[in-house]
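In what follows, a structure is listed as structure tokens, so that the remarks can point back to it.
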Amino acid sequence: MSESPDARSLMSASSQLNLMEVDPIDDKEFDIPQVDTPPTLESILNELEDEDERFVLEDTCVLNTDNIDAHSCDTSSLASSDSGDPAHLKRKKRTVDLNATVHGSVLRHRLLKGISAQIVSAADKVDAGLPTAITVSGVIAVGTSHGLALVFDTNQALRLCLGTKATGAEFGAVSALTINHDCSRLLCGFAKGQITMWDLASGKLLRTITDAHPPGTAILHVKFTDDPTLAVCNDSGGSVFELAFRRVMGMRSCDSRCLFSGSKGEVCCIEPLRAPPDIRDHPVTHYCLLAMASLTKILVIGLKPSLKVWMTFPYSKSDPSSVPQLAWQFVPVQKTVNPVLAFCKGDTVHFLLVKKEEMGTIHVIKQRQLHLSCDIISLSWINSRTLVLVDSHEKLQVVDRPSQEILETLDLEQVQLVYNSRHFKSLATGGNVSQALALVGEKACYQSVSSYAGQIVYLGTKSAHIMTLRNWRERIDCLLKQEYYVEALSLAWSFHEGTAKAVVGLFGDPVKRKGVIGDKMVEILLHFAENALKKCPEQGKIQVMEQHFHDVVPVLVDYCLLLQRTDLLFNQLYAQLVENVVAKGIFLESLESYIIVDRLGHLTTPIMRDLLAHYHDNGLMNSLERCIVHLDVTNLDIQQVIRVCWENQLYDAMLYVFNRGMNDYITPMEKLFAVIGPPLTEGRSLTDDEVVMGNKLLVYISCCLAGRAYPLGDIPEDLVVQVKNQVFDFLIRLHSADSSEEEQVFPYIHTLLHFDTREFLNVLAMTFEDFKNDKQALEYQQRTVDILLQVMVDNPDFTPSQVGGLFTFLARQLAKPDNTLFVNRKLFDQVLEFLCRPDDDSRHTERQQVLLELLHVGGVVQFDEARLLTLAEKAKFYQICEFLYEKKHLYDRIIDCYLRDPLRKWEIYSYIHNLLSMPGYSPEEKQTVKEKAIEHMQELMTLDPTKAADLVVVHFTEEVQQLISETQDDELLFKFLSCLLVTRESHHSDILLPLERDLHELLLDLMCRFAPEQLVSFLQTSQHYRLEEAIQITQKYHQSEATAYLLEQKGDVHGAFTVLLETLKEKLCLLTAEANRESEGGLGTHEEEEEKASKSTLTSVEDSLNYIIVLCHQSSQNLDQPQREGLWFPLLETMMAPQKQVKGLNTKHTSEVLKELTMKVLNSMSSFISLPAIIQRILQDPVYGRGKLAEIQGLILGMLDTFNYEQTLLETTTNLLNHDLHWSLAHLRAAVTRGLHPRQDYCNICLQQYKRRQDSADEIIVFSCGHPYHFQCLQQKDYGWGLAPELQQRWSCYKCSSSQGGRGGATTKPKRGFSTSLAQTCVTSVHHDAGAEAHRKKVLVETTLDLQQEQSWNQLRCLYRGPSRLSILSELTHSHSNEKTGLLFTAQPGTESSQLKLSPPPLLEE
């Protein structure tokens, strides 16, 4: 082939190549010969690193479904994004979490040093320009900014240099590359819009296409389809064209067809579906599918057999600068392989499964989305289950699609990715692109990423990098190199179990794969143990060494057991670890957790020996017992183990060894009975250890009789009957093996009954349940019962409860329908006599409960009921009597039982209520109970008046008068009526009692006698008395406050006032007399009593005064001025009169209190009586009128102080209100008139800049949120929605409105927050023309007052969230008035809530 001068100069310059930022390289190593003798990779690279391998573009994505690891598709696990961080290894004890999968290093990242060096050299030596695009197929092609295309083979040798700098100057930079499926053709797209086709075999230029698309636009993408005569291209105008190549009569031509016009929305990414070689005949490939991504939606079209749109999919809302991404991949789904399109714009990846239906149509199925917290700028499949993403921070993330797990994260900052921004802005042709497309182009790197056959190549400004998945061995070895053994084992186990992600290199059936991985894990375990011993700290604290082995040994044990390699664990690993004493101890202790969960059931003899010795020497006896009862004991030294267990009280282990090791179930019982029997026989109390032993013995006997092994498992089936018979024979032995002369007969039965009678009988009861047709077992049952009766009846050693327990047990057995037991009935009579002995008061309750339980389980059939009732009445067993009366339906007699029983008399009310309320009882039975209850109602009232009243209200309303007439005790009647009437009003208000008013008046009369303090509250809450009769009753008993209340209710305010005033006068006279008596008497013997009496009288005066002031306050609202004076002036005179009568040095306190109370009256009446009238009345008073001014000085000054305080408070309040109003209006004005700073430089509707044309004068609307809009765009949007003209100026920000869930557009109701505008500022764009110069500084502010005011007040409420100072002041005033009740009486509930309450300052002492 003929070489161009540029190509020759590039070839000649290749002998002086330099690698970018690497060690100095001898140029002779990179002497690149002619194409005929290409160099090998070894002659290019400086040195072969451990991870560098030959770059082979082999097709690892061949989709043979037999080779796909089905286990790794849908298993979720925890990601380890940084497997190299050792911080998580620092924990106290290493435990293996099988649910946490370690992924390790998933991707192998290698620098293509040969290609990188030649790219740099081409730029430096022959001015080829910087790299701009890359594509990978069977070869690698790199485009440059000066229009050249460099083609490299798989050894990174430069094969071809296509193009010249002259054509580069004409066409611009290479902006897109593509290679067809058989690597015979290369298409190059250029920044100025031309497309060239090259023959990769000969390097010949085959076509130069200049008219395939509109001129003046750059080629953004050019892609071959599976059809070698068909390609597609995408230009910076957003249009997509189909290129059909023809060759007729030796003439090559290209036909262009527009598939999508940029006028409908710019397309910025295209991706044709290209099938791997082995599935080229897939039915979907016949349609030649093409995916296109515009700024708003995704389209999938078919180019064959005719152009057809199969699917459109709009994006969800995203950042306008986000870059759309498309990627096809054939994915196996349910044993079929179909193409899946992954696409994204922003942070969410969508997946669409494409299938061909039987009818010949394409069916697109939406699948689960993948949500990430990053802005994606590159999206590639690396295999059918794994995606590789790059975000806007140049972080590469490997994601497992089925589990949506991030497997690894790498930083690509050092790669220095090449971005395609210049081509998206079409700078080579004048920059005539839309603002939206230029914004997307800022982060576009489509031509810098190319994936092929499971490998992804990234193009940097000075280098090329390749990413491939590591195979499973590499991933494990990467962790082993860093000595992360635990993580390596975890990763290997995930491969073994099929839960790992992105698995490469594992083929064959699961058994073979597990075998290969198991061998690898064994190798790791041996290295781990060897390394742990080698790196064991030899100096320092023993705790450090223990922690070191705690992190190692449990892991070794766990994985050996998971792999079921106990031979490896006990023979090889233990042999290594036994060299270190600490490691040996931790190894033996770590076995416990696996033994007790039955993961390890057999130990070798040497290890069992070491285990016993270690646990015994270290006092770990409980752990030793837990281990023994789970182990196979056939290989143990049984005598030694039994001795150790007995000496250390390991009874469970001892029983287990006897049973499992020797099939002996009796000897361990004899040993335990020998310990607990003597203390029980001698009557001594047992120690805690002996109690534990006795309980274990009972459980052991229960297990043996039930066929269960102790403490775990089951007795072998062939031994169950034999063991049961042996145990029964043992229990009913007449004497023990080594018995003495003093030993009682049946010692074992005796011992168990004395230890715990009830539990032993329960064991027998559970055992007897299984005795059905077994003749021998039934004989054992009868024999056991006979022995129990012989031992316990007439034996003073057993309590009534124990004897009763035995007969309860027998009654239960006898009550069974298939009972075969025989018990002499005379024994039951004997027990009855024993339990009902009337002269024995000891254990009365216990004996009654035992007999009751016996009757409930069916024992009543064994007794004569008449005799039983007689004995129970004599013994005062009232529960027994109730049981028998219940059977005979004598319910009235049961009431007597409750009343006589001191423990249950309180339950009688519930019993009567339930019986009278529940169905199932005849009217005659209920009537007898009613009569009995009425007969005993006096007792019921005395016992609990409240419950008696409840009972009467519900069941005895007709008999109320009878009950009241029969009640002689007035105080008891008062309590009963109080409960009856008050309870009925609150709980049973719908129930009417006969003579209701008479009852209330009777209660009122009794209340005046027994509880006068409750009188007023009763009158206020009750409405069932007659007013006149009630007044007569209260007057009869001189209850003035109650009388006044009733008179006020009647409407006689002056009468009520007169009654209260007379009472007040009486109390004041009493107070005056007491004060004068104290003054005259001096110091007496009863001084303390008199002082207390004086204080009590003062309190009484104060209460009366408060009550009368309340009356005057309430009444003054509805009275005229003379009537008000008729109330307040007599009260004032009454309070002033005693002050002259109190005299003497010792009455100073009383005098001060009276003055304070007088001031209280003055303050209260000042709201209703004018101040001049009050002062005139005071001066006319003979008490003050004839005296000096000093005598009334205190009253006058107090009134003046009140006036001054109120004036000050009013001024302060006015100032605060004015200040708050000024602050609010100032904020409102500032909010309405403030300038706004736009957050963006483009309109949020048309996405174009402020100035769409140089000669335009666009008006800009800027909202308070900072989002700008063109005035015309807002108008057009309003017209599109058909809004009324008067609403078109009431806009809100469309972007903020849509983000808050509402549609953007004009709003008639402004919302809170920053989405609505506080001011809509209309700014007119100005240019450098003379006519517009006068308007350069002109800013027009347009406001709609009502809307803006509402919005501003909303803003103010948001800014100022606390309560106003006025409300705080009101609250303080209210609290102040509550504290100083003597100075200002608080307003009553009927007054206006908004009225400001003012109070004077506190009085100072004179």
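Just so we're clear, the structure is a prediction, and the values are computed from it rather than from any experiment.
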Nearest 0.5 Å, what's the [atom1]-[atom2] distance between [X] and [Y]?
X      : Y       : atom1 : atom2 : result
Leu439 : Leu1247 : CG    : CG    : 8.5 Å
Asn383 : Asp400  : CG    : CG    : 8.5 Å
Leu379 : Lys345  : CG    : NZ    : 14.5 Å
Leu220 : Leu437  : CG    : CG    : 6.5 Å
His423 : Thr429  : NE2   : OG1   : 11.5 Å
Gln325 : Leu387  : CD    : CG    : 11.5 Å

Determine whether [X] and [Y] make a side-chain contact, defined as any pair of heavy atoms from C-beta on separated by less than 4.5 Å.
X      : Y      : answer
Leu326 : Leu341 : yes
Lys356 : His363 : no
Pro276 : Phe330 : yes
Gln397 : Cys374 : yes
Val267 : Val240 : yes
Ser403 : Lys501 : yes
Leu107 : Ile382 : yes
Tyr458 : Leu396 : yes

- prompt: Phe152 ring centre to Arg159 NZ or CZ under 6.0 Å, with the angle to the axis within 45°?
  reply: no
task: May I have the step-by-step check of side chain to side chain contact (heavy atoms under 4.5 Å, CB included) for Leu186 and Leu162, ending in yes or no?
output: CA-CA 10 Å; Leu186 171 69; Leu162 306 176; 3.6 Å; yes
Check this for me, if you would: do [X] and [Y] make a salt bridge, where the nitrogen-to-carboxylate-oxygen distance has to be below 4.0 angstrom?
X      : Y      : result
Glu442 : Lys425 : yes
Arg185 : Asp199 : yes
Asp375 : Lys443 : yes

- request: Determine the interplanar angle of the His213 and Phe241 rings, folded into 0 to 90°, and report it as parallel if under 30°, tilted if 30 to 60°, perpendicular if over 60°.
  value: tilted
message: Angle between ring planes, Tyr287 versus Trp310, binned at 30° and 60°: parallel, tilted or perpendicular?
response: perpendicular
For [Y], does its backbone N or O pair with a side-chain atom of [X] as donor and acceptor, under 3.5 Å?
X      : Y      : value
Ser256 : Leu243 : no
Trp328 : Arg274 : no
Ser448 : Val418 : yes
Ser145 : Gly129 : no
Thr285 : Arg280 : yes
Asn420 : Phe424 : no
Gln447 : Ala176 : no
Asn155 : Ala157 : no
His221 : Cys268 : yes
His282 : Val337 : yes

Any idea which heavy atoms bring [X] and [Y] closest together, and the distance?
X      : Y      : value
Leu295 : Ala436 : CD1-CB, 3.5 Å
Pro320 : Val440 : O-CG2, 3.5 Å
Ser380 : Ile456 : CB-CD1, 3.7 Å
Leu230 : Cys288 : CD2-SG, 4.0 Å
Val503 : Leu506 : CG1-CD1, 3.7 Å
Arg368 : Arg401 : NH2-O, 4.1 Å

Any luck finding a side-chain donor-acceptor pair between [X] and [Y] under 3.5 Å?
X      : Y      : result
Asp319 : Ser322 : no
Gln455 : Arg108 : no
Ser434 : Glu266 : yes

- request: Report the C-alpha separation of Val284 and Leu273 in whole Å, then their side-chain angles, then the decisive distance to 0.1 Å, and conclude whether the side chain to side chain contact (heavy atoms under 4.5 Å, CB included) test is met.
  value: CA-CA 9 Å; Val284 173; Leu273 174 61; 3.9 Å; yes
- prompt: Between Phe343 and Phe313, is the ring centre distance below 6.0 Å?
  reply: yes
task: Walk me through it: do Ser175 and Thr132 pass the test side chain to side chain contact (heavy atoms under 4.5 Å, CB included)?
output: CA-CA 6 Å; Ser175 58; Thr132 57; over 6 Å; no
- request: Please assess Leu290 against Val300 for the test side chain to side chain contact (heavy atoms under 4.5 Å, CB included), listing each intermediate value before the final yes or no.
  value: CA-CA 6 Å; Leu290 172 67; Val300 177; over 6 Å; no
task: Could you walk me through whether Thr229 and Asp227 pass side-chain hydrogen bond (donor to acceptor under 3.5 Å, both in side chains), step by step?
output: CA-CA 5 Å; Thr229 66; Asp227 183 350; 2.9 Å; yes
query: Is Arg207 atom CZ crowded by more than 12 heavy atoms from other residues, nucleotides or ligands, each under 6.0 Å away?
result: yes
